[in-house]
Amino acid sequence: MIVTSNKGKFLEYYQLFRENGFELKHYNLKYPEEQLGSIDEVARRSLYYLTGIIKEEFFIDDSGLFIDSLNGFPGVYSSYVQSTIGNKGILKLMRNETNRNALFKTSIAYYDGDIHIFNGETRGLISTEERGKNGFGYDPIFIPYGEEMTYAEMETIEKNRISHRYKAAMELMNYLKKKKI
Ligand code: ITT
């Protein structure tokens, strides 16, 4: 089961899990997130908090966009920044910036009696304007290296071939497959 208030996230995981022969349930819950030093720490702390409430195996995903020329901002503040200045605000901050390199990171925290952390990262560029209608959050301004399209111009199935979330999900599913044997 995944615990998230973000429907886009759930849909990406649902598809990835189905492709790998797993069924995934969704628990739509907004849990408190402490702003700690790294997304791993944020995910670990949130998971620990939820183990007091949820009594079955579950995982959460904490993700963030780290922009090189902004020294890693918004990083662990990605959620707050998205809901305040949004993509337009980020593009404004970077208006005259030629270094547009950025990193998208996902940290999955999974609980099965113990806490396990799985990571995924995808590097890319921040576009100069918003493009595309698919996905959510920063998708319209993130172009993965080697691609022309932003995440938001891709279908979920395409984003799921290259994304930070896909890489972390594969780590988790490899762990689950090994556990089954
Ligand atoms: P939950 O914590 O309930 O899962 P959330 O949307 O708050 O949902 P995060 O804290 O992980 O999730 O996300 C931080 C921000 O980054 C938030 O604004 C997301 O919309 C955005 N984000 C996360 N993953 C993304 C992705 O794959 N593409 C674009 N934006 C993403």
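Whatever order the structure lists ligands and atoms in, that order sets their numbers, starting from 1.
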Proximity winner for [atom], if only heavy atoms of [options] are counted:
{"atom": "atom 25 (C) of ligand 1", "options": "Tyr77, Phe136, Tyr166", "answer": "Phe136"}
{"atom": "atom 13 (O) of ligand 1", "options": "Pro74, Ser63, Pro32, Gly135", "answer": "Ser63"}
{"atom": "atom 28 (N) of ligand 1", "options": "Val3, Asp139, Val81, Leu29", "answer": "Asp139"}
{"atom": "atom 11 (O) of ligand 1", "options": "Lys30, Gln82, Lys9", "answer": "Lys9"}

For the pair Arg131 and Asp139, evaluate salt bridge (charged side-chain N to carboxylate O under 4.0 Å, His left out) and give the outcome as yes or no after the intermediate values. CA-CA 8 Å; Arg131 290 194 336 237; Asp139 282 347; over 6 Å; no
Which atoms of ligand 1 have any heavy atom of [X] under 4.0 Å away?
{"X": "Asp62", "value": "10 (O), 11 (O)"}
{"X": "Ser5", "value": "1 (P), 3 (O), 8 (O)"}
{"X": "Thr4", "value": "1 (P), 3 (O), 4 (O), 8 (O)"}
{"X": "Arg165", "value": "23 (C), 24 (N), 25 (C), 26 (C), 27 (O)"}
{"X": "Ser78", "value": "14 (C), 15 (C), 16 (O), 18 (O)"}
{"X": "Lys159", "value": "26 (C), 27 (O), 28 (N)"}
{"X": "Ser79", "value": "7 (O), 14 (C), 15 (C), 17 (C), 18 (O)"}
{"X": "His164", "value": "26 (C), 27 (O)"}

Would Phe73 and Ile67 count as a side-chain contact (heavy atoms from CB on, under 4.5 Å) here? Give the steps. CA-CA 6 Å; Phe73 180 84; Ile67 301 176; 6.0 Å; no
Mind checking whether Phe104 contacts ligand 1 via backbone (N, CA, C, O), side chain (CB onward), both or neither, at a 4.0 Å heavy-atom cut-off? side chain
Return the minimal non-hydrogen interatomic distance between Ser78 and Gly75, and the atom names on each side. OG-O, 2.6 Å
Grab the two heavy atoms, one from Glu41 and one from Leu36, that are nearest each other, plus how far apart they are. O-CD1, 3.5 Å
Who's the nearest protein heavy-atom neighbour of [atom], and how far?
{"atom": "atom 30 (N) of ligand 1", "value": "Tyr138 N, 2.9 Å"}
{"atom": "atom 2 (O) of ligand 1", "value": "Glu33 OE2, 2.8 Å"}
{"atom": "atom 6 (O) of ligand 1", "value": "Asn6 ND2, 3.0 Å"}

Decide, yes or no, whether a salt bridge links Lys88 with Glu130 under the criterion of side-chain N to carboxylate O below 4.0 Å. yes
Short N-O contact, Lys159 and Glu12, less than 4.0 angstrom: yes
Phe17 vs Phe59 aromatic rings, parallel, tilted or perpendicular, using cut-offs 30° and 60°?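 Correct class here is parallel.
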Any idea how Phe118 and Tyr110 line up, ring-wise: parallel (<30°), tilted (30 to 60°), or perpendicular (>60°)?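 Answer is tilted, since the angle falls between 30° and 60°.
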His164 ring center near Phe66 ring center (under 6.0 Å):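 Centroid distance His164-Phe66: not below 6.0 Å, so no.
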Can the ring centroids of Phe104 and Phe142 be said to lie less than 6.0 angstrom from one another?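 So the answer is yes for these two rings.
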